[in-house]
Q: 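Sending over a structure as structure tokens; questions will come in a sec.
Please read these numbers as outputs of a predicted model, since none were measured by experiment.
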Amino acid sequence: LRVVAVDFGEEKRDYALNTLKCDAFVDVKGKSNDEVVAGVKAAADGVGVHGSVILAPALAAYRQGVDMLRPMGFAVGIALPPRDFPVDV
């Protein structure tokens with residue numbers, strides 16, 4: 001099992017890789033949803049992650065968290081976005 005951190009900035013990269021000992025880091029800054037998902041899938045054998053923990057209360061984060069899953073993967077949402085929440089599963 002590999003841990004892939006998704007965030008932005010060099011400080012977060014350093015923290016994720018060196019302090020938390022994550023296996024990979026995907027920087028979201030300046031990337032489209034598809035690019036973020038592709039980066040995570042590439043770090044997870046090209047198939048996708050077994051699970052995602054979604055901490056940001058943003059619809060884009062939920063979309064990415066679901067799209068990066070491999071078949072039969074699971075997503076856990078901690079903070080829900082405000083208003084409508086149209087995510088197909």
Q: Mind checking the NZ-CZ spacing from K29 to R13? Nearest 0.5 Å is all I need.
A: 12.5 Å

Q: Give the minimum heavy-atom separation between L80 and P57, together with the two atoms involved.
A: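 Heavy atoms of L80 and P57 come nearest at O-CB, 3.7 Å.
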
Q: Tell me the closest heavy-atom pair linking Y62 and A56, and the distance in Å.
A: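 That closest heavy-atom pairing would be CE1-O, 3.6 Å.
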
Q: Distance from D34 atom CG to D67 atom CG, nearest 0.5 Å?
A: 7.5 Å

Q: Would you compute the distance between atom CD1 of I54 and atom CD of Q64 and round it to the nearest 0.5 angstrom?
A: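 Atom-to-atom, I54:CD1 and Q64:CD are 9.5 Å apart.
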
Q: What verdict does the side chain to side chain contact (heavy atoms under 4.5 Å, CB included) test give for V53 and L55, after you've listed the backbone C-alpha separation in whole Å, the side-chain angles of each residue and the deciding distance to 0.1 Å?
A: CA-CA 6 Å; V53 179; L55 301 172; 3.8 Å; yes

Q: Decide side chain to side chain contact (heavy atoms under 4.5 Å, CB included) for D45 and R2; before the verdict, give the C-alpha distance in whole Å, the side-chain angles of both, and the deciding distance to 0.1 Å.
A: CA-CA 10 Å; D45 299 327; R2 292 186 186 97; 2.8 Å; yes

Q: Rounded at 0.5 Å granularity, tell me how far CG in L1 sits from NE2 in H50.
A: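 If I round to the nearest 0.5 Å, the distance is 6.0 Å.
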
Q: Does D14 reach the side chain of F25, with side-chain heavy atoms less than 4.5 Å apart?
A: no

Q: Taking a hydrophobic cluster as the set of Ile, Leu, Val, Met, Phe, Trp and Tyr residues connected by side-chain heavy atoms closer than 4.5 Å, whether directly or through intermediates, do F8 and V37 fall within one such cluster?
A: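 Result: yes, single cluster for both.
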
Q: How close do L69 and F74 get, heavy atom to heavy atom, and via which atoms?
A: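 In terms of heavy atoms, the two residues are closest at CD2-O, 3.2 Å.
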
Q: Tell me, with the steps shown, if K12 and D27 meet salt bridge (Lys or Arg N to Asp or Glu O under 4.0 Å).
A: CA-CA 9 Å; K12 299 284 180 78; D27 195 326; over 6 Å; no

Q: Specify the closest pair of heavy atoms between V49 and V40, including all atoms of both residues, with the distance to one decimal.
A: CG1-CG1, 3.5 Å

Q: Can you give me the closest heavy-atom contact between A43 and V4, atom names plus distance?
A: CB-CG2, 3.9 Å

Q: Could you please spell out the steps behind the side chain to side chain contact (heavy atoms under 4.5 Å, CB included) verdict for V6 and V36?
A: CA-CA 8 Å; V6 180; V36 171; 4.0 Å; yes

Q: How many angstroms lie between NZ in K41 and CE in M68, if you round to the nearest 0.5 Å?
A: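 Answer for the NZ-CE pair, K41 versus M68, is 9.5 Å.
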
Q: Around D84, counting heavy atoms of other residues, nucleotides and ligands shown, do more than 12 lie under 6.0 Å from its CG?
A: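 No.
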
